[in-house]
Amino acid sequence: MTIRVRFAPSPTGYLHIGSARTALFNYLYARNKGGKFLLRIEDTDLARSTEESTRSILDGLAWLGFAPDEEIVYQSDNADKHRAAALKLLEEGKAYRDFTPKEDRGDKDVKAAIVERAREQKNMRDNPFRDTSKEESDGRAESGEPFAIRLKVPETGKTSFEDGVYGRQERDYSEIEDLVLLRSDGHPLYNLAVVCDDIEMEITDVIRGQDHLTNTHKQILIYEALGANPPRFAHLPLILAPGGKKLSKRIHGEIVSMTTYRDAGFLAAAFRNFLALLGWSPKTEQEIMTLDELVQNFSLEGIHRNNAIFNFDANNPKRWTDDKAIWMNAEYIRTMPLAELLPFVKEELKNNKLWREEYEDSEKEWFEKTVDLIRERFFTLKDFSTQGRAYFSEDFDFDQAAIDKNLKKHPDLQTLLPELADRFETIENFTHDELEKVAKEFAEEKGTKFGVLMNGARALLTGLAVGPSMLAVFETLGKERSILRLKSQIAWN
RNA sequence: GAGGACGUAGGCAAAUCGGCUAAGCCGCCAGCCCUUCAAGUUGGAGAUUGCGGGUUCGAUUCCCGUCGUCCUCGCCA
């Protein structure tokens, strides 16, 4: 049978980093098994679901490259089927009407009630309506009395399943209450909806977050009542914040959103690679893997059972997100085939009005050489438009610290650099080797350290204290621009 | 409160069926390179495998206990 998996997010916010990884693992599993990857939007909570959120999730998935193999299923479209399923179970005596008036309780009260119930060791089967006769139940329903439909969990026995990651799981019926399938307003509830949809979509493997591990028993009960075979289940460890706390939008903010990484200049391939290594190991020493390699190597056996910590420090700009994620991105930027990087650089430059059509035409060679030169020390795509700005525009900022340290600390450079420019005028072949010869001769002649000269030139030509070898920068910028900037007095004021 | 899951350096993690000095990556420190910063390269620090006990010639691995963290328990998803 063909493997069919689904990623089923609730559209109550943007695509969470943990959800993104769940999507990734589902995708990898499907591809590895030659199966289908499906997408279902679980929008049954009308109060919290938004279209904007759905769009944001779809955007995030598209960015990561996970296109569903079949049409997207919107759970709310199936509400009638969910209701029909509940009614069918009622008809068959596997569920019953609960006429207990609905209590309007807040989150806190609900939690308190749970604790109280456990403390009193209350029997989960003590609902008085569980054994109400069919006649009475039908009569009250016909008279218009509102009711919820609850699953009639058997008195004794237990559910069990073999989790693909956590192994054998068992739970006694006595620990599971008669869960509500249908609200008194006719609205189907989560567990019913999920099971019905998974059956209808013919899902063979449910791969989802570990937070659903214990709820799986309830869903198995529904499968059994419905007379359907449960799929295989595999639960994934959670991704936690530093300190082992839950990673939440409310507390940790943008750091948990996929769009943050896209907007910060991450390459989808790099982030995907990083995400794959969070909670999963190929059990080899290779960590940089293409999507194909991830697919090839992926298996449930490689999934770790303990929760992973996503490391970041909101107060440290250099460590605003996980070190390894940043490193991975830099690694991709400097080692991926140049041709694959170029389109991303183009987009970044375009977004910052630094792009010129010539870069793909008459200046193609120059552009590629330049990107190749500067990508070596960049961490994100953003760097091309910020640190790399001086290569693509005459309008760039000077870093004050660079100016102070590399120029103003050596006042003689104010005359030396323009003089060096004059020497450069004489060079016909404006290349690295020629430049080196001339510049070294000049430094010796003036009794100035070559390094001081180069660092000063770097501050003047790029506005920065750091960057590639200056000889390469001169060559890249070309004779005209190099001389012009060496003679410029702007930075001195 | 009950049930469940999980504890290997700061983070990600490996370790066949119980077996060599507990891999590798990120981060950190240092040397080399050097014109700065990266990269590269070489080396280093960092682990009583949460803790305690048991079984065993031998335990990260099996058993028990304990502590810690997380998850779930709703007419939320």
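Owing to the predicted nature of the structure, the values given are computational and were not obtained by experimental measurement.
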* To do: State which of B:rC70, B:rC12, B:rC28 makes the closest approach to the side chain of A:K318.
  => B:rC28

* **Nearest-nucleotide pick for A:E175, side chain only, options being B:rG11, B:rG24, B:rG3** => B:rG3

* Answer whether the closest heavy-atom distance between the side chains of A:R377 and A:Q387 falls below 4.5 Å. => no

For [N], does the base pair up with any side-chain atom of [X] as donor and acceptor (N or O, under 3.5 Å, distance only)?
X      : N      : result
A:T214 : B:rC73 : no
A:E177 : B:rG74 : no
A:R377 : B:rC37 : yes
A:D107 : B:rG74 : yes
A:K324 : B:rG27 : no

Atom [atom1] of [X] to atom [atom2] of [N]: distance rounded to whole Å?
X      : N      : atom1 : atom2 : answer
A:E287 : B:rC25 : CD    : P     : 8 Å
A:E162 : B:rA5  : CD    : P     : 12 Å
A:E331 : B:rA38 : CD    : C1'   : 12 Å
A:E376 : B:rA39 : CD    : P     : 8 Å
A:L278 : B:rG11 : CG    : C1'   : 10 Å
A:R183 : B:rG74 : CZ    : P     : 15 Å
A:F378 : B:rA39 : CZ    : P     : 14 Å
A:Q169 : B:rU72 : CD    : C1'   : 12 Å

* To do: Nearest-nucleotide wise, let me know which of A:D211 and A:H304 is further upstream toward the 5' end of RNA chain B.
  => A:H304

* Structure fact -> Judged by nearest nucleotide, the residue sitting upstream toward the 5' end of RNA chain B, A:S469 or A:N311, is A:N311

Are more than 12 heavy atoms from other residues, nucleotides or ligands located less than 6.0 Å from atom [atom1] of [X]?
X      : atom1 : result
A:E52  : CD    : no
A:R168 : CZ    : yes
A:E444 : CD    : no

* **Separation of the C1' atoms in B:rU21 and B:rG58, to the nearest angstrom** => 16 Å

* To do: Sticking with atom P, work out how far B:rA5 lies from B:rC62, rounded to a whole angstrom.
  =>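 Looking at atom P only, B:rA5 and B:rC62 are 14 Å apart.
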
